[in-house]
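The structure appears right after this line, and notes come after that.
Order of listing sets the numbers, starting from 1, for every ligand and every atom in it. Here, residue 1 is the first one in the sequence, and each next residue gets the next number. Every heavy atom of this structure was used, including side-chain atoms; hydrogens, water molecules and symmetry mates were not. In this text the structure is predicted, and so the values were computed from the model without any measurement.
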Amino acid sequence: MPIAANTKEQIGTGTRTVGTRTVGTRSVHGRLNGRIPHPNHSLTTPIVQTATYTFRNTADLCDFMEAKIFGGNGDRGEYGRYGNPTVRAVEKRIAALENGEDALLFPTGMSAITNVLLSILPAGSHVIFTDDCYRKTRQFCNTFLTRLGIETSQVPLGDYEAMATAVQPNTRLIISESPTNPYLRVADLEKITAIARSQRRIKTIIDATFATPINQNPLDFGIDLVIHSATKYLGGHNDVMGGVVVGAAGLLHALRQSQGMLGGVIDPHAAYLVERGLKTLALRVRQQNASAQAVAEFLETHPRIERVWYPGLDSHPDHETAVSQMRGFGGVVSFEVAPAPGESPLETAGRFIDAMTIPLIAPSLGGVESLIEQPALMSFYELSTEERLAIGIKNNLVRFAIGIEETADILADLEQALS
Ligand SMILES: *Cc1c(COP(=O)(O)O)cnc(C)c1O
């Protein structure tokens, strides 16, 4: 009977993957055939809550060690810092979404970024990063990396001549976000890849947190590693922190070895929550894309709004690049509120935010709840207005990270808050 034969084959090859599937289906099932049973026939990935793994006897241990030395040791566990089956299942699912060979989870997005930079960059090397990037990434480059004797160059996003000119004989890495925070600038991935390939040893990394694998797959454009803060869209519910790196198996194997030394591993329960979020990723992101586009178009024609930043608008400086390499433009819209007469830009923006009723005032983005913030007060509070302007953060700038509420309700809320 063909069904029985099929079932047997699937059970026999636990990692058998299936071919053509769109990203929406992959977000539910990954690359795996969902009929391969988990232990106890559990539909969901079991949370293997253990710090270590046992061996039946000394021969079992020796077999494992032999296999480990000569490569494939299957997927059995040795010790929690070197791997966990729940975490492994989620890694495979994210690799499938990003068209990558493998993925590696971390306890936070910053942990993923710092582990990768520390692992890839030798002393005396040089890294190029683009401006308008996540503030802690920039701080890590300028403090830790500098202290380790690693040179850094910051180039404006969108200036590929400056990027090419910044390349030195010791350059090992080009890292950028796309889209960026808070201006949603979109890096031209093919141009970055071309610059990196001008020299043999330059790796490229894109922090694609704002795009999600639903809207963009940087590996398809020749980028070496993609990073996400899984705290944002992948987890998607503002209830778990995580980070992930995706790329070729060889590079990921080396990063896994470093992770075993640096020690930053995600808890299996947190990994489970990321996987639970992934199952609805495509649905959530499509809703967020649609709402953000509607919000951006509404704000662009509103008299109380000076400027809107959203890659889905013709007016955005990177609109064409975004159209050529993204399937959707994401759920974050940034905009500048026109100061009311007799009020400072900081005050008017604050009053507008206070008048909104749906979005919560909080840092972060990518969850089911809409969140809103004034970057001048949230991430750059300690700077003066002049210092903020020097790095391009205006006092009347608002970042609106749209959730999955009804689009019409969000538009109505904006309408009432602006009047
Ligand atoms: C949030 C974020 C990070 C950091 O991730 P954590 O999970 O908070 O450590 C890195 N990059 C981008 C673009 C982010 O939005």
Run the side chain to side chain donor-acceptor pair (under 3.5 Å) check on S315 and E300 step by step: do they pass? CA-CA 9 Å; S315 59; E300 191 163 47; 2.5 Å; yes
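- Residue pairs meeting the salt bridge (charged side-chain N to carboxylate O under 4.0 Å, His left out) criterion with at least one partner in residues 389-399, sequence neighbours excluded, are E336-K394, E373-R399.
- Not a single side chain to side chain donor-acceptor pair (under 3.5 Å) links H237 to another residue, sequence neighbours left out.
- In terms of heavy-atom proximity, S334 sits nearest to L397 at CB-CD1, 4.1 Å.
- Ring geometry for Y310 against F329 counts as perpendicular: the plane angle is over 60°, on a 0 to 90° scale with 30° as the lower cut.
- Contacts of N142 classified as side chain to side chain contact (heavy atoms under 4.5 Å, CB included), with partners at least two apart in sequence or in another chain: F129, R138, T152.
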Any protein N or O within less than 3.5 Å of an N or O in ligand 1? List each pair with its distance, or say none.
unit_1	atom_1	unit_2	atom_2	d
ligand 1	5 (O)	S229	OG	3.0
ligand 1	7 (O)	G109	N	2.8
ligand 1	7 (O)	S229	OG	2.8
ligand 1	7 (O)	T231	OG1	2.6
ligand 1	9 (O)	G109	N	3.1
ligand 1	9 (O)	M110	N	2.8
ligand 1	11 (N)	D207	OD2	2.6
ligand 1	15 (O)	K232	NZ	2.7

